[in-house]
Structure formats: C-alpha cells, structure tokens
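For reference, the structure discussed in these notes is given below.
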Amino acid sequence: MDDTTTEPTAGLDFIRTIITEDRVSGKHEGRVATRFPPEPNGYLHIGHAKSICLNFGVAREFGGTCNLRFDDTNPAREETEFVEAIKDDVRWLGFDWDNLHFASDYFEQLYAYGVQLIRDGCAYVDSLTADEIRSSRGTLTEPGRESPHRGRGVDENLEMFRRMRAGEFEDGAHVLRARIDMASPNINLRDPVLYRIRRAHHHRTADAWCIYPLYDFAHPPSDALEHITHSLCTLEFEAHRPLYDWLVNNLTVPARPRQIEFARLNLTYTVMSKRRLLELVQERHVNGWDDPRMPTIVGMRRRGYTPEAVRNFCDRIGVAKRENMVDVAHLEHAVREDLNKRSPRIMGVVDPLRVVLDNYPEDLTETFEIANNPEFPSTGTRRVPFARELFIEREDFMEDPPKKFFRLAPGREVRLRGAYFVTCVSVVKDARGAITELRCTYDPATRGGDAADGRKVKATLHWVAVKTSIEAEIRLYDRLFTAETPGAEHDYREDLNTDSLQVRMARLEPSAAAAAPGDRFQFERLGYFCVDPDSTDRRLVFNRTVTLKDSWARFSAGA
RNA sequence: UGGGGCGUGGCCAAGCGGUAAGGCGCGGGACUUUGGCUCCCGUAUUCGGAGGUUCGAAUCCUCCCGCCCCAACCA
C-alpha cells in the first residue's frame, strides 16, 4: 500500500513497468490499449493463454482496453471455424474484448497505405520471382542486391499496383516491396515484401481481393488504426521492430503504438507449436484438438482445468524476456490449488478389489452421512450406502507390505472413510495365485470412523458398496510425452508416451449418478475428475484432470 | 558469421550501487477420518566468467563465454 505510492513499479514485470512509466509521463494521454492478435489457423493453446492474460490483464489493471483482432492476412490457411473457437476460448478464460476486429477489415485502408508508400518513394513493385528475391536478399554476412525494378517510377508503380489488385497478373508475378536498404545488417529491412498476389478464397472477404498484405505490413497500421498504445508480441518479432517503427513513421496513421516483446511460454513434456499440434491431431496421436492431453485451451477445458487455475498459473510464471522452460508441475499445482477448494468429494474405486465383512449382517445396508468437502462444511453432506460386500482400491492392500506401507494388510486394521474400522483376516486367491477377495471383520464400535476407545489407525481407505455402486468409465491421462523437451534429440513423435491414456471401468458411490458433463469432483485419495461430454444416460465417463499429490507413490516409486 | 536479444538456486522470477523477495519443486516436522489440504522449518555467502571503478557491485565499465531469434511472396 505505502510502497506502491513510493515505489510504483516495484515487483511489476518489465511490461507493466513500462506502461506505468508511460502513464506517469503522460504518453498516449495516459491511455492503455492492447490487443490480442491470433491468426485463425488453429486452436489456442496454453502459450496463447499467457498472451491473453497479459494483454487483457494489463488492460483491466490499468483501466484500459483490449481488442481481439484476428490476423487474417493469409487466406490460404485461415478458417472461420477457428475464429469462433478462439472467441470461445478467450471468453472461457474469463475475458471479453472491447472491440472485435479483423485485419481483413483494413484491407482497403492498407491498400491505400501501400499507395501512399509508393507515392512517397518508399515502396515499389518488384517483378522478380520468389526465388530471385530470396537469392538477392544476401546472407547474414553479405548485403543483398537491389532488384532491377527498384528504380521504377512512381507512376509506373502506382499503375502496376492498381493492376495487381485488379487481377491482371498471375499469382506471384509481382509483389509490392518497401524501399528501405538492401544492405541493412537487419535482414528484415532489406526491402521486405509488403503485398503478394494470391488468388485464394478468404474466409471473410471471399474473392474481393487477389492481393494480400503480409503480417509485417498489416500489423503496425492495424495497431495504429485501433489506437493501440502497447503492442505486445513474442521475442521472435524483436528484429522486426525497426520495420514496425519504419511503417508507423512513414504512414499517415492516427497513433503511434509501441511494440514490446516478451518471451513465449515453453512447458516441459509439452509441444506447443501449431504445426506439431496440428500433426498430433491429423496423425491421430490424439483424438482431436480438444483431447484432454492437448495443451490447447479446449483440451484443458475438457480435461477439467478451470479458467481460474489457468489464469493463476499465467500470473505466477510472470512475464520476462528470457527464454524459459516452465515445469508442468507449476500448472498442475495451480490446478490442484483451485480444484481443492471447489470440488465436492466422492468415493470411487478405479481398480476394485472385493472385500467381504464376515461379521456384518448379510442383508443390512447402512447409510453414512459424509461431508462433501471437510474444509467447507457449508457444502453439506451426502449419503453413502454401506454393506457387507465392498470394493476397495487394489493398491490399498499388500499381502507382504514393506515397512512404510500403512494401508491394509493381513491382520492389520484400517479405517474405511466415514464408516468403520476393518481388519483383514484372510486373503482369497484364484488358482493362479492372484488375489480375488479379502475377508475382513468390522468393529461395530467404530461406527462413523472413530473408535470410542481412542484406538488409532494409520490409514483411511476409500470404498464403495458392491451392490449400490455404479459403473463408470474412467480415463486416466498421463503426460503426452515422456521427454522433458519433446523432439530435442530426434523427431518429437518418438517421445510420445504410448501410455498417455488408460481407460478403466470404475465403481463409484451412487451419488455420482447425478453428475452431468462438466461437473468436477475429487475422487478421494485419487485425484480430480470431471464428467466428459462423451457420457451417456447409460454410462458416465470421467476424465482424470490431475492426481492428488501422492507422497506414498513418490516414495514407493523411488524405493 | 552481420544484426537483434538474453544469462540470478532444480524450474519460474523479483532486484535498478548499500550487502540475494516470492512461488513451484525438493527435504524435514506438526496436524489430519483423503500418505490430500493447512501450518512450521530448511533449501544461492552468491548472481555466466575474468578484470576494473567504488567505502561498498547481481546492479556501473571492459573483455570473454554460453544460449535464443532473423536470410517465407508464414505469422
């Protein structure tokens, strides 16, 4: 509080620091306007979420605005399907744009800007082929060569550009180029191409145009037209900034936005490029863009992640300029933290092992009242039936347990959550020696789960009564890749986790029957699960969003 | 290689000349009808390296090293 007045930028990331300083100095009249500019050629992923949280977050924090602008300057790969999906994703994350724009809305204006550059001697129509342009661009160490058409007169350029638009030339026959400096050490300034002829159906302008501006040319004036103050983008555009500024300076634009670059998000065990995500979908390594294993917003949504968790994650990883590789554990932590607070608990057994209570009446069924969330009594209770035959988790029993195993074992007593203490008296096996059933006794004096004599027990197990349990399909997801950096040493496909999805038929307490797609639960001791839209009236399908932290699993795996 | 950027603990990340925040992870403990949650404690004598300036440097200067981006009519 006090320190924000004395040190207004303390603790802020470098972008918020710049914005704070700009407001203090009165730049842009103190306004803050950002934009999130996706290309509608794929689904948004967690990396985009970082950008969305930054752009919309900054606008929100500084009382500014944030537009959603589709960068649709390449009709060959952009589709309406993606624009709708992107809008959904932004809204799902909890943001709303002040204005919705498309770069294609500016095509007429951009064309006029092209004309202006020609008139000012700042651009020319080149008739070299793409290959010729490439080979004359020079290399990192050698300057480029000027095109023989670089000296075309203004009138001829104007006429050629008009005819390009009119469709009088073949695709690729000519391009509009900025006249900057073929010897610039910054390759992006060696007369970059501004417009190309490309007869392709555009998702919004249809066939109205056969010439399309390139990103480098379209973006700066688009920002300016929207009076964007801070144009935030990722590091790879850093070398383009001189071109950005050159255009803002040479065009008659209504504002002077500033481009600021930050480091994109990289996540361990995750692949983030659109190309790879597309391949995962097309090659059927996953079941679509919304496969819960995908780092896409739709995938995470289906997996059961909450927008709050994703936002908290983005806030916590921060924004800086250094390359980073964020541990997925950060994301999982954010998810658990949020889900722990909001998820009602239920019991479900994913790998059932039958338990028979020898001393429990054959046809008695009791009902226990169990808290939906012990940490929040206000969330109420539910009724869970209990009977002589139960299922417990197979891994909660060991015939010959190691020292640190606290769960059920021959002769050992444990608590069945909310019900009774039970003691294992014998193990039933089949002909091959596999355990098929446990015979136990229960202590009627521990009804509800507490022993009147103060006796303690080292473990509490989840359970389900055989006859009242319902069956459900459970999809257990693991990370999609086994390598921290997929593709670091060979094709990323070789790092695919062949066991990233396990489908199980589980037994759930009957209260789960009322669950509807999207509902989230904590299956006690197992993890957070949400109901998948694949669910039908006959069978519920649950996705495991994330496991609970499990120090026993960590210990036993390391032992 | 020319240009542009970046190097603070295992992973993020503050720090902006006054003697290394915080989070994640990890280790230990308390509590516990989830081996969950929560709560404590611990986890960089040191900031890519070497010099220099200074009473004092992660912060300033010099040189060196490493990593990333740019040679699409992609964004």
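Each chain gets a letter, A, B and so on, in the order its sequence line appears, and its residues count up from 1. From a predicted model like this one, the values you see are computed outputs, not experimental measurements.
Counting any heavy atom pair closer than 4.0 Å across all strands shown, Thr139(A) reaches a base atom. Base contact: Phe405(A) has a heavy atom under 4.0 Å from a base atom. Among the atoms of the strands shown, base atoms are found under 4.0 Å from some heavy atom of Gln522(A). Backbone-only contact: Arg198(A) has heavy atoms under 4.0 Å from sugar-phosphate atoms and none from a base. At the heavy-atom level, Asn74(A) lies under 4.0 Å from the strands shown only through sugar-phosphate atoms. Within 4.0 Å (heavy atoms only), Gly418(A) reaches at least one base atom of the nucleic acid. Using a 4.0 Å heavy-atom criterion, one finds that Glu323(A) contacts the sugar-phosphate atoms exclusively. Across all strands, Val319(A) comes closer than 4.0 Å only to sugar-phosphate atoms, never to a base (heavy-atom distances). Residue-level contact check: His240(A) touches the bases, meaning some heavy atom is under 4.0 Å from a base atom.
Nucleotide rA58(B): unpaired (no Watson-Crick or G-U wobble partner with both distances less than 3.5 Å). For rA71(B), there is no paired base (Watson-Crick or G-U wobble, both distances below 3.5 Å). Pairing partner, rG7(B): rC65(B), with both Watson-Crick or wobble hydrogen-bond distances short of 3.5 Å. With a cut-off of 3.5 Å on both pairing distances, rA14(B) has no Watson-Crick or G-U wobble partner at all. rG25(B) and rU43(B) make up a base pair, with Watson-Crick or G-U wobble contacts both under 3.5 Å. Figure legend. rC37(B) is base-paired to no nucleotide; pairs are counted as Watson-Crick or G-U wobble with both atom distances under 3.5 Å.
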Close N/O contacts between protein and nucleotides 21-23 of chain B (under 3.5 Å):
unit_1, atom_1, unit_2, atom_2, d
rG23(B), N2, His330(A), NE2, 2.4

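Residue Pro40(A) forms a side chain to side chain contact (heavy atoms under 4.5 Å, CB included) with just one option from His203(A), Glu79(A), Glu81(A), and that option is His203(A).
As rounded to whole Å, 13 Å separates atom P of rG35(B) from atom CG of Leu408(A). In this structure, Phe70(A) atom CZ and rC74(B) atom P are separated by 21 Å, rounded to whole Å. Rounded to whole Å, the distance from CZ on Phe237(A) to C1' on rC69(B) is 11 Å. Rounded to an integer number of Å, the gap from CG of Leu265(A) to P of rC24(B) is 18 Å. Between the C1' atom of rA72(B) and the CG atom of Leu128(A) lies a distance of 16 Å, rounded to the nearest Å. Atom-to-atom, CD of Glu79(A) to P of rC74(B) comes out at 17 Å; the value is rounded to the nearest Å. For the pair Arg322(A) CZ and rG7(B) P, the interatomic distance rounds to 5 Å; values are reported in whole Å. Rounded to an integer number of Å, the gap from Leu461(A) CG to rG36(B) C1' is 14 Å.
No side-chain donor-acceptor contact under 3.5 Å links Thr205(A) to the backbone of His202(A).
Applying the 3.5 Å distance criterion, the base of rG3(B) shares no donor-acceptor pair with the side chain of Glu238(A). Judged by distance alone, with hydrogens and angles left aside, Arg336(A) brings no side-chain donor or acceptor close enough to the base of rG36(B) to form a pair under 3.5 Å.
A donor atom on one side chain and an acceptor atom on the other are not found under 3.5 Å apart for Asn373(A) and Thr379(A). For Ser135(A) and Asp131(A), the side-chain atoms include no donor-acceptor pair closer than 3.5 Å. No hydrogens or angles considered: nothing links the side chains of Arg35(A) and Ser222(A) as a donor-acceptor pair under 3.5 Å. Residues Thr460(A) and Arg415(A) bring a donor and an acceptor atom of their side chains to less than 3.5 Å of each other.
Both tests hold for Arg165(A) against Tyr111(A): distance to the six-membered ring centre under 6.0 Å, angle to the ring axis within 45°.
Listed nucleotides rG36(B), rA14(B), rG25(B) differ in distance to Ala329(A); the shortest reach to its side chain belongs to rG25(B). With rC74(B), rG27(B), rC70(B) as the candidates, the nucleotide lying closest to the side chain of Arg554(A) is rG27(B). Considering only side-chain atoms of Arg134(A), the nucleotide from rG25(B), rA72(B), rU34(B) that sits closest is rA72(B). The Leu140(A) side chain lies nearest to rG2(B) when the options are rG25(B), rC12(B), rG2(B). Across rG4(B), rA75(B), rA13(B), the shortest atom-to-atom separation from the side chain of Leu214(A) is found for rA75(B).
Between Tyr124(A) and His149(A), the closest heavy-atom pair is CD1-O, 3.6 Å. For the pair Tyr113(A) and Phe217(A), the tightest heavy-atom approach, listed with the atom from each and the gap, is CB-CZ, 3.9 Å. Shortest non-hydrogen contact noted between Arg507(A) and Ser469(A) is NH1-OG, 3.0 Å.
Each ring pair (Phe, Tyr, Trp, His ring centres under 6.0 Å) pair with one or both residues in residues 172-192 of chain A, not counting sequence neighbours, appears once here: Phe169(A)-His174(A).
The stretch residues 171-189 of chain A touches RNA chain B through Gly172(A), Val175(A), Pro185(A), Ile187(A), Asn188(A), each having a heavy atom under 4.0 angstrom from the strand.
Taking the six-membered ring wherever Trp is involved, the centroid distance between the rings of Tyr215(A) and Phe237(A) falls below 6.0 Å.
The CH2 atom of Trp463(A) sits 14.0 Å away from atom CG of Asp396(A), with the distance rounded to the nearest 0.5 Å.
With its glycosidic angle more than 90° from 0, rA20(B) is assigned anti.
If Val193(A) and Lys321(A) are placed on RNA chain B by their nearest nucleotide, the residue sitting closer to the 5' end is Lys321(A). Ranked by how close their nearest RNA chain B nucleotide is to the 5' end, Arg525(A) and Arg196(A) are led by Arg525(A).
Both thresholds, 5.5 Å between centres and 30° between ring planes, are met by Phe406(A) relative to the base of rG35(B), so the two rings are stacked. Under the stacking definition used here (centres under 5.5 Å, planes under 30°), the residue Trp552(A) qualifies as stacked on the base of rG35(B).
Across rC37(B) and rU32(B), the matching C1' atoms stand 9 Å from one another, rounded to whole Å.
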